[in-house]
Amino acid sequence: TRSTRPQRMLKAVQKNAIRGNPESVISAIDYFCKHSEWAMNVGDEKGCILDSVVTEVDPSTVLELGTYCGYSTVRIARLLSPGTKFITVEFNPASAEVARKIIAYAGLQDKVTLVEGASGDLIPQIKKLYGITTFDFIFLDHWKDRYLPDIKLFEEYGLLRKGSVLLADNVICPGTPEYLEYVRNSPRYESRYYPSHLEYTKVEDGLEKSLFLG
Ligand SMILES: O=C(NC/C=C/[C@H]1O[C@@H](Sc2ccncc2)[C@H](O)[C@@H]1O)c1cc([N+](=O)[O-])cc(O)c1O
Ligand SMILES: [Mg+2]
């Protein structure tokens with residue numbers, strides 16, 4: 001049967017990237033998405049903003065929701081200090097399988113724990129299952145209607161500390177209006193919008209960075 005887009009993306013990584021070289025994996029995926037098939041990775045333009053926020057926070061604990069093929073997982077993991085705990089959550093087993101192979105091809109498999117499941121089911125169990133108290137950095141890039149319920153779960157289960165940083169993709173396109181309204185109006189967050197474009201296009205999109213104030 002016909003291959004899937006994630007499988008074709010993995011093939012492009014195996015063909016064009018250098019094993020153990022995260023930069024070449026990132027470049028190979030961006031090339032594939034620009035010249036072969038668009039895919040919903042955060043991309044190079046928003047990816048640079050993601051890089052700068054991760055570098056600024058220099059987190060000891062990281063959570064990513066929405067692994068997809070592992071592009072942003074590789075972008076984040078390549079910047080982390082040794083010993084950092086990084087959990088990424090993916091719902092679709094086929095995507096998770098491709099992501100594991102792409103993360104391993106980049107040589108970053110020891111830095112990442114990929115968990116298959118839905119964020120709503122996992123967040124309440126994270127402390128128990130992974131011995132995490134709070135997250136220093138959270139990247140939201142999964143189902144857009146899950147951003148708001150999941151940030152409320154972070155609060156409810158005490159997974160944020162004063163200074164935790166949340167970075168949300170696609171706050172303009174496809175858009176996460178309820179989430180934006182919440183973080184921009186809640187006295188418990190200080191939010192800032194980073195204007196950019198939808199990956200590999202000229203369509204307006206951007207990232208919202210929200211600092212938890214405790
Ligand atoms: O829909 C988008 N992203 C949803 C991503 C969803 C990813 O996360 C899980 S869902 C999940 C994972 C974990 N927990 C619960 C659910 C899916 O299996 C997929 O791998 C999207 C769409 C566009 N676009 O232009 O249409 C652009 C983007 O940058 C996007 O991120
Ligand atoms: Mg996205």
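All ligand and atom numbering here is 1-based and tracks the order in the structure.
Within the structure, ligand 1 lacks R146 among the residues with a heavy atom less than 4.0 angstrom away. Put simply, part of P174 is less than 4.0 Å from ligand 1, judged by heavy atoms. Not a single heavy atom of Y200 sits under 4.0 Å from any atom of ligand 1.
Here T67 has no heavy atoms under 4.0 Å from ligand 1, in either its backbone or its side chain. At a heavy-atom cutoff of 4.0 Å, ligand 1 is contacted by the side chain of E199 but not by its backbone. Residue N92 touches ligand 1 through backbone and side chain together, judged by heavy-atom distances below 4.0 Å.
Residues D150 and S119 have side chains that bring a donor and an acceptor to within less than 3.5 angstrom of each other. Looking at T67 and T73, their side chains never bring a donor and an acceptor atom within 3.5 Å of each other. Between K209 and Y194, the side chains place a donor N or O and an acceptor N or O closer than 3.5 Å (distance only, hydrogens not considered). For Y71 and D30, the side-chain atoms include at least one donor-acceptor pair closer than 3.5 Å.
Under the side-chain hydrogen bond (donor to acceptor under 3.5 Å, both in side chains) test applied with S210, the options S191, S164, S186 reduce to a single match, S191. The residue from E190, E178, E208 that alone fulfils the salt bridge (charged side-chain N to carboxylate O under 4.0 Å, His left out) condition with R184 is E208.
Geometry note: the Mg ion (ligand 2) is the vertex, N170 OD1 and D169 OD2 are the arms, and the angle is 80° (rounded to 10 degrees).
Annotation: D169 places an N or O atom under 3.5 Å from an N or O atom of ligand 1; distance criterion only. Below 3.5 Å of separation, one finds an N or O of S119 facing an N or O of ligand 1. Residue W38 places no N or O, backbone or side chain, under 3.5 Å from any N or O of ligand 1.
Rounding to the nearest 0.5 Å gives a distance of 9.5 Å between CG of L65 and CG of D141.
Contact record, K111 with A77: CD-O, 3.7 Å, taken as the closest heavy-atom pair. Contact detail for A17 and A28: the closest heavy-atom pair is CB-CB, 4.0 Å.
Considering only non-hydrogen atoms, atom 18 (O) of ligand 1 lies nearest to E90 out of K144, M40, E90.
In this structure, the protein non-hydrogen atom closest to atom 13 (C) of ligand 1 is V89 O, 3.6 Å. Of all protein heavy atoms, the one lying nearest to atom 4 (C) of ligand 1 is H142 O, 3.5 Å.
Note on D141: its N/O/S atom closest to the Mg ion (ligand 2) is OD1.
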